[in-house]
Amino acid sequence: MESSLLGAKQLLLCCLFLLWVLAAVAEAKTVHEQWEISYQFTHSDCVRKLAVTINGGTPGPTIRAVQGDTVVVTVKNLLMTENVAIHWHGIRQLGTPWADGTEGVTQCPILPGDTFEYRFVVDRPGTYMYHAHYGMQRSAGLNGMIVVAAAPGGADAEPFAYDGGEHDVLLNDWWHKSTYEQAAGLAAVPIVWVGEPQSLLINGRGRYNCSAMAPDAAACNATHPECAAQVFAVVPGRTYRFRIASVTSLSALNFEIEGHEMTVVETDGHYVKPFVVKNLNIYSGETYSVLIKADQDPNRNYWLASNVVSRKPGTPTGTAVLSYYGGRSSPRAPPPTAPPAGPAWNDSAYRIGQSLATVAHPEHAHPPPPRADRTILLLNSQNKIDGRIKWAINNVSFTLPHTPYLVALKHGLLGDFDQRPPPETYNHTGYDVYGVQANPNATTSDGLYRLAFGSVVDVVLQNANMLAPNNSETHPWHLHGHDFWTLGYGVGRFDPAVHPATYNLRDPVMKNTVAVHPFGWTALRFRADNPGVWAFHCHIEAHFFMGMGVAFEEGIERVGDLPEEIRRCVSTKGGGH
């Protein structure tokens, strides 16, 4: 009798679980997007320029979905002379590594005239972005935001409240030269650096000083509607969520809403222990959510301001306008004050302080594994190869193979890339991170790191002096396919015998993009549990183009059959599965 009751209870539990699963499946929906990628003339900062657009516009449409939804984006490449690939930045692609959108790593590019379907599930709520991942196309305008709402009643419900709604803020930097000119300059001897951007954009809008373009002033139209400042409207007394993403190609930014404190509540899709800032440092590839209270004088407008930090600024402040409903000021009227100039551009201690203040929300902390199975030390250094200036990791400058790693590994095409793994350490006991290298020469490789599936991996990114004396830059590193625990930051040379004892193992925030500060180090930990091949690289467009990146393989044997569409640039006849 007792065993019969036990069996009945088990059957009831199974039925209840099945009903829950069916309900979850029924609630999830499919979000469809149809995109045509083409070159169009735009006036993003009032200057007429060819940009890579989605359905004629830049930035592209914001993708809005709910946790658990399937997103399907059908992409038609109408560039005619240029390939395309689109990366869904921050989406882990669990079970769909071929949809990551990284040319040379997870797919062949979309050829001119071809159509390609990206299909993936958004498994975590949060603020994300998408952008081109072919050549230096991101800087040409192919980018936008992804907003994923928490599933109703789910475990990831937001631990904060706001009654005024949401505003999306996409930050970018903008050049008047084409990406072709920039790439040719980076590969030249001597190098022709891309230089500082001409403008900073907020939601694709900026304002260049047309008088600076003489004698070509006709190319600049200060009254063009495409470069009119974005207006963010608020109701007095209400609290708003601003979702902020940086898709910059070069610039680290400091973002401020004049006269309004910001409470940071989310970064890269993870809730953080709330903390209040006057202004927010945000690096390329990062996203944040902040709350603001509309509690200032409603009869005037206020600036949203974006300023360059970590590089000596050569670009005017990027601006937009915050306007109160019911106020006496016209929504498009410029505020009566000068735009905020932000903190000192070279105040690294201030920026490190914000990095250290960003920890997991107490109710949503996921403690990391207590120790790593493998530690990889990666030294960022500026080097020379055949007279060309490159970036290298442990003295190896990364190059992408013609055959995407995912295709080569699944089909046994092991001759299509270097089978020798890159070095996973450097002379960390003797290397002077503050000095110019005595021998700047480096090598190139398209080899990758092969990780044991399910293993815990520590990566320590070490920044150092560049080829010029007394010069070190901030590098934002982005890991595809994973979120990682940010364990610690430091200044100077990392010591494996000392610094791991300082790691935050209690409440480290999880992220997909993290900054390595000048002359400093950043330590992160992740579990290699997402079958596929994943890029890990500096998110500064020119730096990745010049070799600052690596790739990780894990659990490739667990990846299912690859879609034919991702293999169009190679022949896989006779290969394995």
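Taking a 6.0 Å sphere around CZ of R311, one finds it holds more than 12 heavy atoms contributed by other residues, nucleotides or ligands. Heavy atoms of other residues, nucleotides or ligands lying less than 6.0 angstrom from CZ of R300 number more than 12. Around atom OH of Y325, no more than 12 heavy atoms belonging to other residues, nucleotides or ligands sit under 6.0 Å away. At most 12 heavy atoms of other shown residues, nucleotides or ligands fall within 6.0 angstrom of atom CG in N470.
Checking side-chain atoms of N383 against main-chain N and O of P440 turns up a donor-acceptor pair under 3.5 Å. In this structure, the side chain of N55 engages the main chain of E36 through a donor-acceptor pair within 3.5 Å. In terms of modelled atom types and a separation under 3.5 Å, the side chain of N143 and the main chain of P59 share no donor-acceptor contact. Under a 3.5 Å cut-off, the side chain of D268 and the backbone N or O of M510 do not form any donor-acceptor pair. Put simply, the side chain of H402 gets close to the backbone of C569: a donor and an acceptor are under 3.5 Å apart. Judged by distance alone, the side chain of R138 and the main-chain N or O of Y130 form no donor-acceptor pair under 3.5 Å. In terms of modelled atom types and a separation under 3.5 Å, the side chain of N254 and the main chain of N279 share no donor-acceptor contact. Checking side-chain atoms of T513 against main-chain N and O of E286 turns up no donor-acceptor pair under 3.5 Å. Remark: the backbone N or O of G492 is paired with a side-chain donor or acceptor of Q462 at under 3.5 angstrom. One N or O on the side chain of T53 and one on the backbone of S38 form a donor-acceptor pair closer than 3.5 Å.
Between V264 and T358, every side-chain heavy-atom pair lies at or beyond the 4.5 Å cut-off. Inter-residue side-chain proximity for V247 and S284 is flagged as unmet; no heavy-atom pair is nearer than 4.5 Å. Using a 4.5 Å heavy-atom cutoff, the side chains of W174 and K49 are in contact. Within the 4.5 Å cutoff, the side chain of V321 has no heavy atoms near those of the P334 side chain. Counting heavy atoms from C-beta on, the side chains of K390 and T444 never come closer than 4.5 Å. The shortest side-chain heavy-atom distance between Y302 and D297 falls under the 4.5 Å cut-off. The shortest distance between side-chain heavy atoms of L79 and P112 does not fall below 4.5 Å. Using a 4.5 Å heavy-atom threshold, the side chains of I54 and P61 count as touching.
Atom NE2 of residue H478 and atom CH2 of residue W534 lie 10.0 Å apart, to the nearest 0.5 angstrom. With values rounded to the nearest 0.5 angstrom, T474 atom OG1 is found 7.5 Å from I540 atom CD1. Note that CH2 of W477 is 3.5 Å distant from CD1 of I393, once rounded to the nearest 0.5 Å. Remark: L461 CG to T522 OG1 distance equals 6.5 Å, nearest 0.5 Å. Between the CG atom in N203 and the OG1 atom in T58 there is a gap of 10.5 Å [rounded to 0.5 Å].
Listed by chain and residue number, nothing satisfies the side chain to side chain donor-acceptor pair (under 3.5 Å) test with E261 (two or more places apart in sequence, or in another chain). Residues meeting the side chain to side chain donor-acceptor pair (under 3.5 Å) test with W35, sequence neighbours left out: E33. For S330, there are no side chain to side chain donor-acceptor pair (under 3.5 Å) partners at least two apart in sequence or on another chain. For T62, the side chain to side chain contact (heavy atoms under 4.5 Å, CB included) criterion is met by R64, M145, V147, D168, not counting sequence neighbours. Partners of D483 by salt bridge (Lys or Arg N to Asp or Glu O under 4.0 Å), not counting sequence neighbours: none found. With sequence neighbours left out, the side chain to side chain donor-acceptor pair (under 3.5 Å) criterion links T319 to no other residue.
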task = Walk me through it: do Y134 and V84 pass the test side chain to side chain contact (heavy atoms under 4.5 Å, CB included)?
result = CA-CA 6 Å; Y134 178 82; V84 170; 5.8 Å; no
request  = Might you work through the side chain to side chain donor-acceptor pair (under 3.5 Å) test for H176 and D45, ending with a clear yes or no?
outcome  = CA-CA 9 Å; H176 296 160; D45 68 345; 2.7 Å; yes
task = Show your reasoning for whether disulfide (SG to SG under 2.5 Å) applies to C46 and C227.
result = CA-CA 5 Å; C46 304; C227 60; 2.1 Å; yes
Derivation and outcome, side chain to side chain contact (heavy atoms under 4.5 Å, CB included), residues N77 and D114 = CA-CA 6 Å; N77 179 8; D114 279 0; 5.6 Å; no
request  = Could you give me the CA-CA distance, side-chain angles and deciding distance for F255 and M262, then say whether side chain to side chain contact (heavy atoms under 4.5 Å, CB included) is met?
outcome  = CA-CA 10 Å; F255 175 77; M262 298 181 287; 4.0 Å; yes
query = Run the side chain to side chain donor-acceptor pair (under 3.5 Å) check on Q40 and T42 step by step: do they pass?
reply = CA-CA 6 Å; Q40 301 290 336; T42 65; over 6 Å; no
Audit row: I566, F116, side chain to side chain contact (heavy atoms under 4.5 Å, CB included) steps and yes/no = CA-CA 9 Å; I566 74 164; F116 186 94; 3.7 Å; yes
task = Check the pair N301, S323 against side chain to side chain donor-acceptor pair (under 3.5 Å), reporting the backbone distance first and the verdict last.
result = CA-CA 5 Å; N301 291 341; S323 182; 3.1 Å; yes
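Relative orientation of the F232 and H167 rings is perpendicular, given thresholds of 30° and 60° on the angle between their planes. Using a 30° and 60° split on the angle between ring planes, F120 and W88 fall in the tilted class, from 30° to 60°. Under the 30°/60° scheme for interplanar angles, the aromatic rings of F398 and Y405 are found to lie parallel. Ring geometry for F242 versus Y240: interplanar angle over 60°, hence perpendicular rather than tilted (30 to 60°). Relative ring orientation between H539 and H131 is described as perpendicular, the plane-to-plane angle rising above 60° on a 0-90° scale split at 30° and 60°.
For the ring pair (Phe, Tyr, Trp, His ring centres under 6.0 Å) test with H475, the passing option among W391, Y283, F544 is W391; the others fail.
Annotation: F552 is not in aromatic contact with H482 [ring centroid separation under 6.0 Å not met]. Aromatic ring centres of H543 and H537 lie farther apart than the 6.0 Å criterion allows.
When all heavy atoms of R241 and T127 are compared, the pair lying nearest together is NH2-OG1, 4.4 Å. Taking every heavy atom of both residues into account, E541 and Q137 meet most closely at OE2-N, 3.6 Å. W175 and G195 get closest at one heavy-atom pair: NE1-O, 3.1 Å. Between G435 and N465, the shortest heavy-atom contact is O-CB, 3.3 Å. The two residues V272 and V509 make their nearest non-hydrogen contact at CG1-CG2, 3.8 Å. Pairing each heavy atom of Y128 with each of G269, the nearest pair is OH-CA, 3.5 Å.
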